[in-house]
There are 2 protein chains.
Amino acid sequence: MKNNTNVDQQEFTNQDFSGVVENNCPMTNTLKVIGGKWKLLILHAIMSECPARFGELKKKMKDITQTTLTAQLRELERDGILSRKVYAETPPKVEYKLTPLGETLVPVINTITAWGNTYCKSAV
Amino acid sequence: MKNNTNVDQQEFTNQDFSGVVENNCPMTNTLKVIGGKWKLLILHAIMSECPARFGELKKKMKDITQTTLTAQLRELERDGILSRKVYAETPPKVEYKLTPLGETLVPVINTITAWGNTYCKSAV
DNA sequence: AACATTAGTATTATTTTTCATACTTAGTAC
DNA sequence: GTACTAAGTATGAAAAATAATACTAATGTT
(Lines give C-alpha, C1' and ligand atoms only; values in the text may rest on other atoms or scores of the structure.)
Protein backbone atom coordinates (compact mmCIF):
# COMPACT_ATOMS: atom_id res chain seq x y z
CA MET A 1 0.00 0.00 0.00
CA LYS A 2 3.07 2.15 -0.02
CA ASN A 3 2.54 3.54 -3.48
CA ASN A 4 1.09 2.84 -6.89
CA THR A 5 -2.19 1.82 -5.36
CA ASN A 6 -4.00 3.41 -8.24
CA VAL A 7 -1.86 1.77 -10.86
CA ASP A 8 -3.30 -1.22 -12.61
CA GLN A 9 -0.74 -3.97 -12.62
CA GLN A 10 -1.66 -4.72 -16.19
CA GLU A 11 -0.54 -1.28 -17.22
CA PHE A 12 2.93 -2.45 -18.20
CA THR A 13 2.01 -5.64 -19.99
CA ASN A 14 1.34 -4.01 -23.31
CA GLN A 15 5.01 -3.82 -24.14
CA ASP A 16 5.55 -5.27 -27.58
CA PHE A 17 7.90 -8.16 -27.11
CA SER A 18 6.89 -9.72 -30.40
CA GLY A 19 10.33 -9.21 -31.87
CA VAL A 20 12.08 -10.82 -28.94
CA VAL A 21 9.68 -13.28 -27.40
CA GLU A 22 8.35 -16.12 -29.51
CA ASN A 23 7.89 -18.78 -26.93
CA ASN A 24 5.34 -19.73 -24.34
CA CYS A 25 7.90 -20.66 -21.71
CA PRO A 26 8.10 -17.79 -19.24
CA MET A 27 11.71 -18.58 -18.40
CA THR A 28 12.73 -18.52 -22.05
CA ASN A 29 10.88 -15.27 -22.61
CA THR A 30 12.40 -13.59 -19.59
CA LEU A 31 15.89 -14.67 -20.56
CA LYS A 32 15.45 -13.02 -23.94
CA VAL A 33 14.99 -9.71 -22.13
CA ILE A 34 17.42 -9.96 -19.21
CA GLY A 35 19.68 -12.85 -20.25
CA GLY A 36 23.25 -12.53 -21.40
CA LYS A 37 26.48 -11.64 -19.72
CA TRP A 38 25.78 -8.01 -18.92
CA LYS A 39 22.12 -7.06 -18.72
CA LEU A 40 21.44 -7.98 -15.11
CA LEU A 41 24.63 -6.23 -14.08
CA ILE A 42 23.62 -3.12 -15.98
CA LEU A 43 20.19 -3.15 -14.37
CA HIS A 44 21.73 -3.72 -10.96
CA ALA A 45 23.99 -0.72 -11.51
CA ILE A 46 21.16 1.51 -12.68
CA MET A 47 18.99 0.40 -9.78
CA SER A 48 21.60 1.61 -7.32
CA GLU A 49 21.93 4.97 -9.04
CA CYS A 50 18.94 5.98 -11.09
CA PRO A 51 19.23 7.82 -13.38
CA ALA A 52 22.75 6.89 -14.37
CA ARG A 53 24.97 8.44 -16.97
CA PHE A 54 26.77 6.36 -19.56
CA GLY A 55 30.19 7.10 -18.14
CA GLU A 56 29.12 6.15 -14.61
CA LEU A 57 27.89 2.80 -15.81
CA LYS A 58 31.10 2.25 -17.69
CA LYS A 59 33.12 3.00 -14.58
CA LYS A 60 31.10 0.63 -12.40
CA MET A 61 31.44 -2.26 -14.82
CA LYS A 62 35.07 -1.91 -15.52
CA ASP A 63 35.40 -4.99 -17.73
CA ILE A 64 32.76 -4.06 -20.27
CA THR A 65 33.76 -2.25 -23.44
CA GLN A 66 32.04 0.90 -24.58
CA THR A 67 30.74 -0.83 -27.69
CA THR A 68 29.17 -3.66 -25.75
CA LEU A 69 27.70 -1.37 -23.11
CA THR A 70 26.08 0.73 -25.81
CA ALA A 71 24.68 -2.35 -27.55
CA GLN A 72 23.22 -3.79 -24.35
CA LEU A 73 21.69 -0.46 -23.34
CA ARG A 74 20.03 -0.17 -26.75
CA GLU A 75 18.47 -3.61 -26.38
CA LEU A 76 17.16 -2.82 -22.93
CA GLU A 77 15.74 0.40 -24.31
CA ARG A 78 14.16 -1.41 -27.27
CA ASP A 79 12.53 -3.86 -24.86
CA GLY A 80 11.03 -1.07 -22.80
CA ILE A 81 13.14 -1.68 -19.68
CA LEU A 82 15.19 1.51 -19.84
CA SER A 83 14.64 5.00 -21.10
CA ARG A 84 17.38 7.13 -22.59
CA LYS A 85 17.44 10.87 -22.22
CA VAL A 86 19.86 12.92 -24.26
CA TYR A 87 20.72 16.43 -23.08
CA ALA A 88 21.59 18.94 -25.77
CA GLU A 89 24.90 19.82 -24.18
CA THR A 90 28.55 19.65 -24.99
CA PRO A 91 30.20 17.42 -23.98
CA PRO A 92 27.27 15.02 -24.35
CA LYS A 93 25.17 13.98 -21.40
CA VAL A 94 22.92 10.96 -21.57
CA GLU A 95 20.91 9.58 -18.71
CA TYR A 96 19.50 6.10 -18.46
CA LYS A 97 16.76 5.15 -16.07
CA LEU A 98 14.30 2.38 -15.43
CA THR A 99 10.93 2.70 -17.07
CA PRO A 100 7.84 1.63 -15.11
CA LEU A 101 8.22 -1.78 -16.75
CA GLY A 102 11.89 -1.80 -15.78
CA GLU A 103 10.95 -1.08 -12.19
CA THR A 104 8.93 -4.27 -12.08
CA LEU A 105 12.29 -6.04 -12.38
CA VAL A 106 13.57 -4.54 -9.12
CA PRO A 107 12.24 -7.38 -6.94
CA VAL A 108 13.57 -9.94 -9.40
CA ILE A 109 17.04 -8.43 -9.23
CA ASN A 110 16.86 -8.10 -5.46
CA THR A 111 15.97 -11.77 -5.18
CA ILE A 112 18.96 -12.76 -7.26
CA THR A 113 21.44 -10.59 -5.38
CA ALA A 114 20.03 -11.78 -2.06
CA TRP A 115 20.70 -15.36 -3.12
CA GLY A 116 24.26 -14.42 -4.01
CA ASN A 117 24.79 -12.72 -0.67
CA THR A 118 23.47 -15.66 1.29
CA TYR A 119 24.68 -18.68 -0.60
CA CYS A 120 27.43 -17.65 -2.94
CA LYS A 121 30.05 -15.81 -0.95
CA SER A 122 33.46 -15.52 -2.50
CA ALA A 123 36.26 -17.45 -0.82
CA VAL A 124 38.77 -14.85 -1.93
CA MET B 1 7.04 -22.67 9.47
CA LYS B 2 5.98 -25.21 6.91
CA ASN B 3 9.20 -27.18 6.99
CA ASN B 4 12.91 -26.99 7.62
CA THR B 5 12.34 -25.17 10.86
CA ASN B 6 15.24 -27.05 12.37
CA VAL B 7 17.57 -26.35 9.49
CA ASP B 8 20.09 -23.62 10.01
CA GLN B 9 19.98 -21.37 6.99
CA GLN B 10 23.75 -21.24 7.04
CA GLU B 11 23.94 -24.95 6.42
CA PHE B 12 24.38 -24.58 2.69
CA THR B 13 26.80 -21.70 2.62
CA ASN B 14 29.90 -23.82 2.92
CA GLN B 15 29.84 -24.71 -0.74
CA ASP B 16 33.26 -24.03 -2.18
CA PHE B 17 32.74 -21.49 -4.91
CA SER B 18 36.39 -20.47 -4.88
CA GLY B 19 36.94 -21.76 -8.38
CA VAL B 20 33.99 -19.89 -9.78
CA VAL B 21 33.43 -16.84 -7.64
CA GLU B 22 36.18 -14.28 -7.28
CA ASN B 23 34.22 -11.13 -6.88
CA ASN B 24 32.42 -9.32 -4.11
CA CYS B 25 29.46 -8.34 -6.25
CA PRO B 26 26.60 -10.68 -5.43
CA MET B 27 25.11 -10.32 -8.90
CA THR B 28 28.40 -11.22 -10.58
CA ASN B 29 28.85 -14.19 -8.29
CA THR B 30 25.35 -15.48 -8.85
CA LEU B 31 25.68 -15.14 -12.61
CA LYS B 32 28.79 -17.29 -12.52
CA VAL B 33 26.66 -20.11 -11.11
CA ILE B 34 23.33 -19.69 -12.92
CA GLY B 35 24.30 -17.46 -15.84
CA GLY B 36 24.52 -18.52 -19.45
CA LYS B 37 22.03 -19.53 -22.06
CA TRP B 38 20.86 -22.81 -20.54
CA LYS B 39 21.37 -23.12 -16.79
CA LEU B 40 18.18 -21.46 -15.61
CA LEU B 41 16.21 -23.44 -18.16
CA ILE B 42 17.79 -26.66 -16.98
CA LEU B 43 17.02 -25.82 -13.37
CA HIS B 44 13.48 -24.86 -14.29
CA ALA B 45 13.03 -28.20 -16.02
CA ILE B 46 14.47 -30.17 -13.11
CA MET B 47 12.33 -28.21 -10.66
CA SER B 48 9.21 -29.32 -12.46
CA GLU B 49 10.27 -32.97 -12.48
CA CYS B 50 12.75 -33.90 -9.81
CA PRO B 51 14.62 -36.16 -10.22
CA ALA B 52 14.92 -35.94 -13.97
CA ARG B 53 16.71 -38.28 -16.33
CA PHE B 54 19.12 -37.00 -18.94
CA GLY B 55 16.85 -37.98 -21.83
CA GLU B 56 13.83 -36.24 -20.28
CA LEU B 57 15.78 -33.01 -19.95
CA LYS B 58 16.96 -33.32 -23.53
CA LYS B 59 13.39 -33.75 -24.71
CA LYS B 60 12.09 -30.74 -22.78
CA MET B 61 14.78 -28.46 -24.13
CA LYS B 62 14.59 -29.43 -27.69
CA ASP B 63 17.14 -26.92 -29.01
CA ILE B 64 20.02 -27.90 -26.78
CA THR B 65 22.58 -30.37 -28.02
CA GLN B 66 23.59 -33.40 -26.02
CA THR B 67 27.12 -32.10 -25.71
CA THR B 68 26.03 -28.76 -24.33
CA LEU B 69 23.49 -30.29 -21.97
CA THR B 70 26.14 -32.59 -20.54
CA ALA B 71 28.59 -29.72 -20.10
CA GLN B 72 26.04 -27.51 -18.33
CA LEU B 73 24.91 -30.33 -16.05
CA ARG B 74 28.52 -31.00 -15.08
CA GLU B 75 29.03 -27.36 -14.14
CA LEU B 76 25.88 -27.28 -12.05
CA GLU B 77 27.04 -30.45 -10.34
CA ARG B 78 30.51 -29.00 -9.74
CA ASP B 79 28.94 -25.93 -8.16
CA GLY B 80 26.84 -28.05 -5.80
CA ILE B 81 23.48 -27.17 -7.33
CA LEU B 82 22.69 -30.60 -8.75
CA SER B 83 23.49 -34.16 -7.80
CA ARG B 84 24.02 -36.89 -10.36
CA LYS B 85 23.08 -40.48 -9.63
CA VAL B 86 24.20 -43.21 -12.02
CA TYR B 87 22.34 -46.51 -11.96
CA ALA B 88 24.35 -49.59 -12.88
CA GLU B 89 21.93 -50.65 -15.57
CA THR B 90 21.85 -51.17 -19.30
CA PRO B 91 20.89 -49.05 -21.08
CA PRO B 92 22.31 -46.38 -18.78
CA LYS B 93 20.10 -44.48 -16.37
CA VAL B 94 21.23 -41.26 -14.78
CA GLU B 95 19.12 -39.08 -12.54
CA TYR B 96 19.71 -35.44 -11.78
CA LYS B 97 18.16 -33.67 -8.86
CA LEU B 98 18.51 -30.48 -6.88
CA THR B 99 20.80 -30.61 -3.88
CA PRO B 100 19.74 -28.73 -0.73
CA LEU B 101 21.74 -25.80 -2.05
CA GLY B 102 20.01 -26.16 -5.40
CA GLU B 103 16.66 -26.03 -3.66
CA THR B 104 17.50 -22.60 -2.31
CA LEU B 105 17.29 -21.44 -5.92
CA VAL B 106 13.64 -22.48 -6.24
CA PRO B 107 12.27 -19.11 -5.08
CA VAL B 108 14.73 -17.29 -7.31
CA ILE B 109 13.55 -19.24 -10.33
CA ASN B 110 9.92 -18.82 -9.37
CA THR B 111 10.40 -15.08 -9.15
CA ILE B 112 11.89 -14.97 -12.62
CA THR B 113 9.19 -17.10 -14.23
CA ALA B 114 6.50 -15.11 -12.46
CA TRP B 115 7.88 -11.94 -13.97
CA GLY B 116 7.82 -13.55 -17.39
CA ASN B 117 4.24 -14.64 -16.94
CA THR B 118 3.10 -11.22 -15.85
CA TYR B 119 5.11 -8.82 -17.96
CA CYS B 120 6.58 -10.68 -20.86
CA LYS B 121 3.82 -12.49 -22.67
CA SER B 122 4.53 -13.57 -26.18
CA ALA B 123 2.59 -11.79 -28.91
CA VAL B 124 2.75 -14.88 -31.10
C1' DA C 1 24.39 -62.69 -34.50
C1' DA C 2 22.39 -58.26 -35.51
C1' DC C 3 19.73 -54.48 -33.37
C1' DA C 4 18.07 -51.21 -30.19
C1' DT C 5 18.66 -48.65 -26.10
C1' DT C 6 20.66 -44.42 -22.96
C1' DA C 7 23.97 -41.47 -21.66
C1' DG C 8 27.42 -40.19 -22.76
C1' DT C 9 32.64 -38.65 -25.36
C1' DA C 10 35.59 -36.79 -29.18
C1' DT C 11 36.40 -33.82 -32.76
C1' DT C 12 35.64 -30.24 -35.74
C1' DA C 13 32.81 -26.49 -37.42
C1' DT C 14 29.95 -22.60 -36.91
C1' DT C 15 27.70 -18.96 -34.61
C1' DT C 16 27.47 -15.57 -31.27
C1' DT C 17 29.43 -12.50 -28.29
C1' DT C 18 32.80 -9.56 -26.89
C1' DC C 19 37.03 -6.84 -27.44
C1' DA C 20 40.59 -3.52 -29.29
C1' DT C 21 41.48 0.31 -31.70
C1' DA C 22 40.71 4.32 -34.11
C1' DC C 23 37.55 7.83 -35.40
C1' DT C 24 33.54 11.45 -34.79
C1' DT C 25 31.00 15.40 -32.94
C1' DA C 26 30.09 20.09 -30.81
C1' DG C 27 30.95 23.15 -27.71
C1' DT C 28 34.04 25.19 -24.04
C1' DA C 29 38.56 26.51 -22.01
C1' DC C 30 43.13 27.92 -22.88
C1' DG D 1 43.33 27.40 -33.40
C1' DT D 2 44.52 23.53 -30.30
C1' DA D 3 43.18 20.64 -26.70
C1' DC D 4 39.59 18.48 -23.93
C1' DT D 5 35.29 16.39 -22.86
C1' DA D 6 31.30 12.49 -23.08
C1' DA D 7 28.99 9.49 -25.62
C1' DG D 8 29.06 7.47 -28.90
C1' DT D 9 30.13 4.74 -34.17
C1' DA D 10 32.91 1.80 -37.43
C1' DT D 11 35.73 -1.86 -38.44
C1' DG D 12 37.97 -6.04 -37.93
C1' DA D 13 39.92 -9.48 -34.73
C1' DA D 14 39.56 -12.65 -31.07
C1' DA D 15 37.36 -15.43 -27.79
C1' DA D 16 33.68 -17.99 -26.04
C1' DA D 17 29.74 -20.63 -26.53
C1' DT D 18 27.14 -23.75 -28.97
C1' DA D 19 26.22 -27.10 -32.66
C1' DA D 20 26.84 -31.11 -35.90
C1' DT D 21 28.35 -35.40 -36.61
C1' DA D 22 30.17 -39.64 -35.63
C1' DC D 23 31.52 -42.80 -32.25
C1' DT D 24 31.33 -45.89 -27.73
C1' DA D 25 29.75 -49.25 -24.09
C1' DA D 26 26.91 -52.93 -21.83
C1' DT D 27 23.13 -55.62 -22.13
C1' DG D 28 18.47 -57.29 -23.38
C1' DT D 29 15.48 -58.45 -27.33
C1' DT D 30 14.56 -60.55 -31.81
Side-chain angles (χ1 to χ4, degrees), chain A residues 19-23 25 27-28 31-43 45-46 49-79 82-97, chain B residues 19-23 27-28 31-46 49-79 82-97:
Chain A
V20 204
V21 159
E22 308 175 328
N23 198 283
C25 169
M27 180 60 85
T28 301
L31 288 175
K32 291 209 176 107
V33 180
I34 60 168
K37 186 171 170 181
W38 296 111
K39 284 184 183 168
L40 280 169
L41 286 166
I42 291 170
L43 294 173
I46 293 183
E49 184 179 20
C50 189
R53 294 185 61 176
F54 183 88
E56 293 166 344
L57 293 171
K58 179 75 183 63
K59 244 169 251 161
K60 280 189 186 175
M61 315 171 60
K62 64 181 182 46
D63 290 344
I64 200 172
T65 58
Q66 206 167 21
T67 314
T68 300
L69 178 54
T70 299
Q72 301 297 306
L73 287 168
R74 291 295 143 85
E75 289 188 12
L76 289 166
E77 188 192 2
R78 177 201 65 196
D79 292 340
L82 294 182
S83 67
R84 178 168 176 271
K85 183 173 181 182
V86 182
Y87 291 80
E89 298 177 5
T90 294
K93 176 179 176 183
V94 179
E95 278 182 353
Y96 293 91
K97 64 176 184 179
Chain B
V20 204
V21 160
E22 309 176 326
N23 199 282
M27 179 61 84
T28 302
L31 289 175
K32 291 211 175 110
V33 178
I34 61 169
K37 186 172 172 181
W38 295 112
K39 283 183 183 169
L40 280 168
L41 288 165
I42 291 170
L43 293 173
H44 186 230
I46 293 183
E49 184 180 20
C50 189
R53 293 185 60 177
F54 183 88
E56 294 167 342
L57 293 171
K58 179 75 183 61
K59 246 168 252 161
K60 280 190 187 174
M61 314 172 62
K62 66 181 180 42
D63 290 343
I64 200 173
T65 58
Q66 208 167 19
T67 314
T68 300
L69 179 54
T70 300
Q72 301 297 307
L73 288 168
R74 290 297 143 82
E75 289 187 13
L76 289 166
E77 189 193 1
R78 177 200 64 194
D79 293 341
L82 295 181
S83 67
R84 180 170 175 268
K85 181 173 182 182
V86 183
Y87 291 80
E89 296 176 8
T90 295
K93 178 180 175 183
V94 178
E95 278 181 356
Y96 292 90
K97 63 176 185 180

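Every chain is numbered from 1, with letters handed out A, B, ... down the list of sequences.
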Write down the distance between CZ (A:F54) and P (D:dG8), rounded to a whole number of angstrom. 5 Å

Student check: side-chain heavy atoms of B:Y87 and B:V94 closer than 4.5 Å: no

In whole angstrom, what separates B:Q72's CD from C:dG8's C1'? 16 Å

Rounded to the nearest 0.5 angstrom, the CG-CD distance for A:L82 and A:Q72 is 11.0 Å

Rounded off to whole Å, could you give me the CZ-to-C1' distance for the A:R74 and C:dT17 pair? 18 Å

Indicate for each nucleotide in nucleotides 19-30 of chain D, in 5' to 3' sequence, whether protein heavy atoms under 4.0 Å reach the base (B), only the sugar-phosphate (S), or nothing (-). SBB----BB---

Residues 53-65 of chain B, side-chain donor-acceptor partners within the protein, below 3.5 Å, at least two apart:
residue: B:R53; atom: NH2; partner: B:P92; partner atom: O; Å: 3.3
residue: B:E56; atom: OE1; partner: B:R53; partner atom: N; Å: 2.8
residue: B:K58; atom: NZ; partner: B:I64; partner atom: O; Å: 3.1
residue: B:K60; atom: NZ; partner: B:A45; partner atom: O; Å: 3.4
residue: B:K60; atom: NZ; partner: B:S48; partner atom: OG; Å: 3.1
residue: B:K60; atom: NZ; partner: B:E49; partner atom: OE1; Å: 3.0
residue: B:T65; atom: OG1; partner: B:T68; partner atom: N; Å: 3.4
residue: B:T65; atom: OG1; partner: B:T68; partner atom: OG1; Å: 3.0

Close N or O pairs between protein and nucleotides 1-3 of chain C (under 3.5 Å):
none

Are any of the side-chain nitrogens in A:E75 or A:K39 under 4.0 Å away from the carboxylate oxygens of its partner? yes

Remember a base hit wins even if backbone is also touched, and classify A:Y96 as base, sugar-phosphate or nothing at under 4.0 Å, heavy atoms. sugar-phosphate

Nearest-angstrom distance from the residue atom NZ of B:K59 to P of C:dT5: 11 Å

Output for pair (A:I34 CD1, A:L76 CG), nearest 0.5 Å, gives 9.5 Å

Just how far is it from atom OG1 of A:T70 to atom CZ of A:R84, taken to the nearest 0.5 Å? 8.5 Å

Find the distance A:K93:NZ to C:dA26:C1' and express it as a whole number of Å. 17 Å

Looking at CG of B:L43 and OH of B:Y96, how far apart are the two atoms once the value is rounded to the nearest 0.5 Å? 13.0 Å

Once you round it to whole Å, what is the distance between C1' of D:dA16 and CD of B:E75? 12 Å

Do A:C25 and B:L41 touch side chain to side chain, with heavy atoms closer than 4.5 Å? yes

For A:L41 and C:dT17, what is the distance between atoms CG and P respectively, to the nearest whole Å? 16 Å

What does A:E95 touch in the nucleic acid at a heavy-atom separation under 4.0 angstrom: a base, only the sugar-phosphate, or nothing? nothing

In Å, rounded to the nearest 0.5 Å, how long is the span from CG of B:L40 to OG1 of A:T28? 10.5 Å

So, is B:R53 near the phosphate of C:dT5, with a side-chain N or O under 4.0 Å from OP1 or OP2? no

Could you state the CD-C1' distance from A:E56 to D:dT5, rounded to the nearest angstrom? 15 Å

